[in-house]
J.: 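Please see the structure below; I have some questions.
Convention: sequence-line order gives letters A, B, ...; per-chain numbering from 1. Not measured: the values here are computed from a predicted model.
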Amino acid sequence: MRVIKPHSINELMQRVNNIAGMTLGQLAQQYQFKTPEDLLLEKGWAGQLIEYVLGATAGSKPVPDFEDLGIELKTLPISFKGKPLETTFVSVTPLLNVTGMTWQQSNVRKKLAHVLWLPILGEREITPFDRTIGSGFLWQPSAIQDAQLQRDWEEQMELIALGRVDEISGHLGDAMQIRPKAANSRIVTDAIGPNGQIIKTLPRGFYLKTSFTGEILKQQFQL
DNA sequence: AGATGATCATAC
DNA sequence: GTATGATCATCT
């Protein structure tokens, strides 16, 4: 038995509204999911549970979670104060063949074109079972937000194009940063080196900083 | 405390 | 290794 995919945005949002206020544990029981004691070994558990419950279709394919609707699902752990507790992974950072790439055609922009944010009260002192699901909402970047992301993307992708990937750290970027995205720090992938040669480096990913997602929450709930 | 760097599971 | 889902652990 699996959940059938939602056939409209309205249907999707009805499902989202129906799970608001429930705990992850309640939801997990209802759908025969096991709830881990902690997320040490299952960091993606909440996201995968919610995907299943809402009828997401993508699996591990590089397409939006709700492909037909063009919507990407992102769970967002928040504190008691309603602020994001973690950065939000967006996509892997391309390190080869980046000359000529544009923000308009980037994977980051495509991923963030239409996002279903689902806040979850995720303080570490709350066991996964008791974490409460908040009110999910749809979001599309404003012109200002898009420009903000574009600046960060272009600044950091330029360094990569110039063969300076190893100078990149999480300190760069106003709204979006580049950080490691790998099973461990010994994993390597190809990138452009300082002299234009191919070098081995740690795989990276784009992450939205908590200040940026915090503003998204603010704009949504402070109205 | 908050942010950066490191890491975990799974499918292919 | 890459892509999906992210949070953990450590340092400042």
J.: Can you give one letter per nucleotide of nucleotides 2-12 of chain B, going 5' to 3': B for a protein heavy atom under 4.0 Å from the base, S for sugar-phosphate only, - for none?
T.: -SBBBBBS---
J.: Pick the nucleotide of DNA chain C nearest each of L73(A) and P62(A); which residue has the one closer to the 5' end?
T.: P62(A)
J.: Tell me, with the steps shown, if R179(A) and T87(A) meet side-chain hydrogen bond (donor to acceptor under 3.5 Å, both in side chains).
T.: CA-CA 10 Å; R179(A) 303 218 310 279; T87(A) 55; 3.1 Å; yes
J.: Less than 3.5 Å apart, any donor N or O on the side chain of W139(A) or Q145(A) sitting next to an acceptor on the other?
T.: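 Result is yes, a qualifying pair exists.
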J.: How many whole angstroms separate atom NZ of K110(A) from atom C1' of dT4(C)?
T.: 18 Å
J.: How many angstroms lie between atom OG1 of T189(A) and atom CG of L202(A), to the nearest 0.5 angstrom?
T.: 9.5 Å
J.: So what does D38(A) touch, heavy atoms closer than 4.0 Å: a base, only the sugar-phosphate, or nothing?
T.: nothing
J.: Within the structure shown, what part of the strands sits under 4.0 Å from T75(A) by heavy-atom distance: base, sugar-phosphate, or nothing?
T.: sugar-phosphate
J.: When you measure from the centre of the six-membered ring of F66(A), is the NZ or CZ of K5(A) under 6.0 Å away and within 45° of the axis?
T.: no
J.: Under 3.5 Å, is there a donor-acceptor pair between the E154(A) and Q150(A) side chains?
T.: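 Side chains of E154(A) and Q150(A): pair found under 3.5 Å.
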J.: With a 4.0 Å heavy-atom cut-off, tell me which residues in residues 97-108 of chain A come close to DNA chain C, sorted by residue number.
T.: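 Here the set is empty: none.
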J.: Kindly compute the distance separating CD1 (I78(A)) from CZ (R131(A)), expressed to the nearest 0.5 Å.
T.: 11.5 Å
J.: Without decimals, in angstroms, what is the distance between I187(A) CD1 and dT2(C) C1'?
T.: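 Taking CD1 of I187(A) and C1' of dT2(C), I get 10 Å after rounding.
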J.: Mind checking whether F89(A) and W45(A) sit in one hydrophobic cluster, side chains of I, L, V, M, F, W, Y counted as touching below 4.5 Å?
T.: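 In one cluster: no.
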J.: Which pairs pass side chain to side chain donor-acceptor pair (under 3.5 Å) with one or both residues in residues 190-208 of chain A, sequence neighbours excluded?
T.: D166(A)-T201(A), D166(A)-R204(A), D190(A)-K200(A), T201(A)-R204(A)
J.: Could you state the atom-to-atom distance from CD1 of I78(A) to P of dA1(B) in whole Å?
T.: 19 Å
